[in-house]
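Below, chains carry the letters A, B, ... as their sequence lines are ordered, and counting in each starts from 1.
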Protein chains: 2
Amino acid sequence: MSSSAGPGPSPRSRRADPLTREVIALIGDVVVRYHQEYEEAAARHSLTGAQARVLGLLALDPLPMRRLAGALRCEPSNVTGIVDRLEARGLVERRPDPGDRRVKLAAVTDEGRATAARLREALDFAREPLATLSDADRTTLRDLLRRMLGAEL
Amino acid sequence: MSSSAGPGPSPRSRRADPLTREVIALIGDVVVRYHQEYEEAAARHSLTGAQARVLGLLALDPLPMRRLAGALRCEPSNVTGIVDRLEARGLVERRPDPGDRRVKLAAVTDEGRATAARLREALDFAREPLATLSDADRTTLRDLLRRMLGAEL
DNA sequence: ACCCAGTTGCTTGACATCATGAAATATCCA
DNA sequence: TGGATATTTCATGATGTCAAGCAACTGGGT
């Protein structure tokens with residue numbers, strides 16, 4: 001993992017200062033809210049969070065099961081069940097990969113695409129809190145988040 | 001919510017501008033990374049994410065099961081199982097509430113407190129992509145997140 | 001005071017989903 | 001042919017919901 005964590009002299013004596021701790025706590029709050037609203041939005045469409053994530057990914061592009069597992073960061077055997085349930089509802093279908101008969105491509109159906117689109121609209125939540133920020137603020141926030149994430153990507 | 005799906009001019013007319021969409025996407029990335037690191041840090045202590053969250057809450061203060069469920073935003077019957085598993089490991093104990101014999105207070109044991117402390121250090125350390133931001137940047141980020149979250153709290 | 005009904009807090013049970021890991025199967029590739 | 005890869009199946013466990021149950025608190029009415 002990130003053993004590239006800088007020239008830190010002592011790995012754990014590194015107690016964060018109050019400001020950093022507050023930012024961490026705030027990010028934690030954001031994460032909690034995001035997850036909560038994501039699950040609720042999915043539930044409004046009778047989907048679980050995992051199913052909604054898969055549907056969202058497949059709406060962009062069909063994917064082999066293995067890649068789907070990679071995107072979700074879980075075992076391929078887990079994806080089998082999630083796609084099974086989406087397929088049982090007619091939102092997703094499995095298609096053969098013409099180039100490799102071992103591979104099955106998961107792809108959204110028309111109904112699945114429509115559901116994914118409605119779901120995305122429902123995810124307005126992230127937009128609302130942002131409404132209180134001016135354009136300049138949003139730009140600042142974007143740059144800070146970019147740098148934060150870019151540090152280890 | 002948006003049941004205003006009438007014969008609207010265009011269903012996606014309330015499409016957010018590109019800047020807002022990018023910020024939303026970045027927040028999504030932060031959420032994904034945060035969760036991943038949280039789960040990994042918990043796993044390093046042979047805990048699940050839910051168990052780690054409960055342990056972290058109880059390390060601050062003993063709580064009735066009901067309040068714990070409220071904090072986790074799940075059903076009380078679910079908390080029973082999570083606390084059961086923590087109790088089986090000696091990290092948490094159930095104590096009677098002197099004021100109301102129906103209530104059971106979940107409280108960390110000494111060992112639980114120690115585990116919670118180690119866990120928190122691991123999390124602080126893991127979330128240190130913030131280190132790439134200057135003090136001024138962090139202050140700015142803090143203020144932006146505060147305003148974003150404060151809007152609906 | 002008493003008792004009874006309703007409410008509240010927690011647990012239990014049945015069930016669905018998500019997640020892992022090991023083993024089986026089919027296919028690819030060197 | 002033999003080893004690697006993609007998917008599935010099975011067993012298992014954690015998390016989550018809901019309904020039902022028990023214990024304890026609370027508020028009337030007598």
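- Between B:Asp84 and B:Arg94, at least one side-chain nitrogen of the basic residue sits less than 4.0 Å from a carboxylate oxygen of the acidic one, meeting the salt-bridge criterion.
- In this structure, a donor-acceptor pair under 3.5 Å is absent between the side chains of B:Thr132 and A:Arg147.
- For the pair A:Leu68 and A:Val54, the tightest heavy-atom approach, listed with the atom from each and the gap, is CD2-CG1, 4.1 Å.
- Here the closest heavy-atom approach between residue B:Ala69 and residue B:Glu75 is recorded as CB-C, 4.0 Å.
- Residue B:Arg66 comes nearest to B:Pro76 through the heavy atom pair NH1-CG, 3.0 Å, listed as atom of the first residue, atom of the second, then distance.
- Less than 4.0 Å separates DNA chain D from at least one heavy atom of each of the following residues of residues 83-108 of chain A: A:Arg94, A:Arg102, A:Val103, A:Lys104.
- Mapping A:Arg73 and B:Gly81 onto DNA chain C via the closest heavy atom, the residue that lands nearer the 5' end is B:Gly81.
- The residue from A:Glu37, A:His35, A:Gln36 that alone fulfils the side chain to side chain donor-acceptor pair (under 3.5 Å) condition with A:Arg33 is A:Glu37.
- Computed from coordinates, the B:Asn78 CG to C:dT17 P distance equals 16 Å when rounded to whole Å.
- Taking 4.0 Å as the cut-off between side-chain N and carboxylate O, A:Arg89 and A:Glu111 do not count as a salt-bridged pair.
- Spacing between atom CD of B:Glu75 and atom C1' of C:dC10 amounts to 13 Å, rounded to whole angstrom units.
- With hydrogens and angles ignored, no donor-acceptor pair under 3.5 angstrom links the side chain of B:Ser77 to the base of D:dG16.
- Remark: B:Pro64, B:Met65, B:Arg66 in residues 47-70 of chain B come within less than 4.0 Å of DNA chain C through at least one heavy atom.
- Atom-to-atom, CD of A:Glu39 to P of C:dT17 comes out at 14 Å; the value is rounded to the nearest Å.
- B:Ser134 and B:Asp137 form a side-chain donor-acceptor contact under 3.5 Å, judged by distance and modelled atom types alone.
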